[in-house]
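Scope of the values below: all heavy atoms of this structure, side chains included, with no hydrogens, waters or symmetry mates. Counting from 1, the numbers follow the sequence of the chain as shown. Being a predicted model, the structure only gives us computed values, none of them experimental.
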Amino acid sequence: MKKLGFLFILVIVHCTRVESFDPSDFDSAETENVDTSGCLPGQIQISGDSCLECSAGTYANTDDDLQECSTCSYDTYSGDEAAGCTACDSGLGTLEEESGDVSDCIEVCMVPNIEFVDSLSPESRVAEGGNVQIICKDGYYYGNSGSQTVACSSSTNNFPASCRKVTISDTESSVKAGDNGVLSCVVEAHDIGTAIQWFKNDSAIALTSDDTAYTIVTSLATDFEDDSVTKKSTSTLTILDFDSADVASYFCRVIYSDPILSDQSPEQALKILDITETPSKAHIASEAASLQLIIYLLLLIS
């Protein structure tokens with residue numbers, strides 16, 4: 001009986017020793033990934049034992065002992081005291097960096113790069129269906145205006161590759177009756193229209209197969225694939241045997257499949273030349289020859 005009592009005491013002592021075993025005696029490799037800064041997750045150590053809570057839209061970046069509240073990138077968000085940023089669900093994104101709530105994850109439309117613009121507002125991202133204001137560089141147009149507002153759609157690209165420059169030039173703003181009036185239209189853009197149309201006093205000039213009033217020669221740029229380079233298309237309108245019926249304002253318009261995208265040049269007014277105001281070189285030469293003949297005849301008579 002005494003021996004049994006002694007064994008019972010030994011068992012109790014042994015169990016007591018196991019319960020008081022210090023866990024720090026385990027191999028340190030099992031605890032090397034534990035943050036030993038003393039700060040809680042979502043906090044960074046700023047000095048000594050002082051910790052700073054990272055605000056919403058940032059996360060505690062402690063990689064390589066960096067200890068800073070880093071900004072969440074686009075399409076991610078975080079709340080207060082976050083140890084990392086959470087990605088938005090598939091198909092959703094954020095309009096800004098440093099988003100602080102899941103409600104910031106929305107359908108986003110990306111604004112493409114557009115050449116020859118002074119400004120885009122917003123510049124890169126807008127809510128799906130939201131408006132983007134395009135302000136073209138001086139002398140360039142989009143939708144026949146230097147400024148245009150376009151609804152952004154991810155499924156349909158409503159934007160041009162560039163603002164466009166449509167200019168019209170003439171050999172003379174006044175044409176002598178019976179001569180030909182010539183106007184040239186030049187379109188400079190990164191995208192290509194389907195045609196260049198000429199107008200007289202807001203009415204389209206339609207050629208017939210045996211037209212004796214006009215000729216139109218158009219050359220559209222052919223590099224349809226590359227939207228990264230400026231292309232130049234031209235069209236020349238010749239008004240045959242200019243007379244009083246041809247006195248009008250003329251302009252050219254580059255035509256796109258979407259009518260709102262079509263751009264036109266400034267208007268160019270043509271009128272019949274008033275010889276008494278602006279004589280041509282040929283007329284001056286003719287008058288000089290006539291004067292010489294009169295002088296010669298007078299000399300013969302005398």
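- Minimum heavy-atom separation, Leu220 to Ser233: CA-OG, 3.5 Å.
- Applying the ring pair (Phe, Tyr, Trp, His ring centres under 6.0 Å) test to residues at least two apart or on different chains, none of the pairs has a partner in residues 203-222.
- Shown here are the side chain to side chain donor-acceptor pair (under 3.5 Å) partners of Ser155, two or more places apart in sequence or in another chain: Ser153.
- At a threshold of 4.5 Å between non-hydrogen side-chain atoms, the residues Val186 and Lys232 count as touching.
- Taking hydrophobic clusters as Ile, Leu, Val, Met, Phe, Trp and Tyr residues chained together by side-chain heavy-atom distances below 4.5 Å, Tyr59 does not share a cluster with Val102.
- Between Thr212 atom OG1 and Asp241 atom CG the span is 9.0 Å, to the nearest 0.5 Å.
- Clustering ILVMFWY residues whenever any of their side-chain heavy atoms sit less than 4.5 angstrom apart, transitively, puts Val175 in a cluster other than the one holding Leu240.
- Glu53 meets the side chain to side chain donor-acceptor pair (under 3.5 Å) test with no other residue; sequence neighbours excluded.
- Under the 4.5 Å side-chain heavy-atom criterion for Ile, Leu, Val, Met, Phe, Trp and Tyr, Ile216 and Phe242 are members of the same hydrophobic cluster.
- Remark: Ser219 engages Thr234 in a side chain to side chain contact (heavy atoms under 4.5 Å, CB included) (not counting sequence neighbours).
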Open item on the list: side chain to side chain contact (heavy atoms under 4.5 Å, CB included), that's the test. Do Thr149 and Val132 meet it? Break it down for me.
Closed with: CA-CA 6 Å; Thr149 299; Val132 177; over 6 Å; no

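- Note on residues 86-112: no pairs pass salt bridge (Lys or Arg N to Asp or Glu O under 4.0 Å), not counting sequence neighbours.
- Taking the side chain as every heavy atom from C-beta outward, Phe199 and Arg253 approach each other to under 4.5 Å.
- When side chains are defined from C-beta on, Thr94 does not count as touching Thr76, because their heavy atoms never get closer than 4.5 Å.
- Every residue meeting the side chain to side chain contact (heavy atoms under 4.5 Å, CB included) condition with Asn201, not counting sequence neighbours, appears here in chain and number order: Ala248, Ser249.
- When the side chain to side chain contact (heavy atoms under 4.5 Å, CB included) test is applied to Val150, the partners found at least two apart in sequence or on another chain are Ile134, Tyr142, Gln148, Asn158, Phe159.
- Atom CD of Glu115 sits about 11.5 Å away from atom SG of Cys136, to the nearest 0.5 Å.
- Nearest heavy-atom pair across Ser184 and Thr236 is OG-OG1, 3.8 Å.
- Side-chain N or O atoms of Ser162 include none that pairs as donor or acceptor with a backbone N or O of Ala189 at under 3.5 Å.
- Donor-acceptor pairing under 3.5 Å is lacking for the side chains of Gln133 and Asn131.
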TODO: Any chance you could lay out the side chain to side chain contact (heavy atoms under 4.5 Å, CB included) test for Gln67 and Ile46, step after step, and finish with the verdict?
DONE: CA-CA 7 Å; Gln67 298 295 327; Ile46 52 176; over 6 Å; no

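- For Ser78 (side chain) and Thr58 (main-chain N/O), a donor-acceptor pair under 3.5 Å exists by modelled atom type.
- Between Gly129 and Ala151, the shortest heavy-atom contact is O-CB, 4.0 Å.
- Residues passing the side chain to side chain contact (heavy atoms under 4.5 Å, CB included) test with Ala245 are Asp243, sequence neighbours excluded.
- Sequence neighbours left out, the pairs with a member in residues 118-131 that pass salt bridge (Lys or Arg N to Asp or Glu O under 4.0 Å) are Asp75-Arg125.
- The two residues Cys252 and Val166 make their nearest non-hydrogen contact at SG-CG1, 3.9 Å.
- By the side chain to side chain donor-acceptor pair (under 3.5 Å) test, Ser235 pairs with Trp198, Thr218, sequence neighbours left out.
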TODO: For Leu237 and Cys185, run side chain to side chain contact (heavy atoms under 4.5 Å, CB included): C-alpha distance rounded to whole Å, both residues' side-chain angles, the deciding distance at 0.1 Å, then the answer.
DONE: CA-CA 8 Å; Leu237 169 68; Cys185 178; over 6 Å; no

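- Among residue pairs with one or both ends in residues 73-98, none qualify as ring pair (Phe, Tyr, Trp, His ring centres under 6.0 Å); sequence neighbours excluded.
- A distance of 9.0 Å separates CG in Asn180 from CD1 in Ile239, rounded to the nearest 0.5 Å.
- Formation of a donor-acceptor pair under 3.5 Å by the Ser47 side chain with backbone atoms of Ser50 is not found in this model.
- Here ring pair (Phe, Tyr, Trp, His ring centres under 6.0 Å) pairs that include residues 106-129, with residues two or more places apart or in two chains, are Phe116-Tyr140, Phe116-His190.
- Contact detail for Cys163 and Ile114: the closest heavy-atom pair is N-CG2, 4.0 Å.
- Leu183 and Leu207 fall within the same hydrophobic cluster, defined by Ile, Leu, Val, Met, Phe, Trp and Tyr side-chain heavy atoms under 4.5 Å apart, directly or through other members.
- Closest of all the heavy-atom pairs between Ile205 and Gln197 is O-NE2, 3.1 Å.
- Once rounded to the nearest 0.5 Å, the distance linking CD of Gln43 with CD of Glu81 reads 5.0 Å.
- Interatomic distance, CD1 of Ile44 versus OG of Ser70, reported as 8.5 Å (0.5 Å rounding).
- Between atom CG of residue Asn61 and atom OG1 of residue Thr71 there is a gap of 10.5 Å, rounded to the nearest 0.5 Å.
- Under the 4.5 Å side-chain heavy-atom criterion for grouping Ile, Leu, Val, Met, Phe, Trp and Tyr, Ile106 is not connected to Val111 through any hydrophobic cluster.
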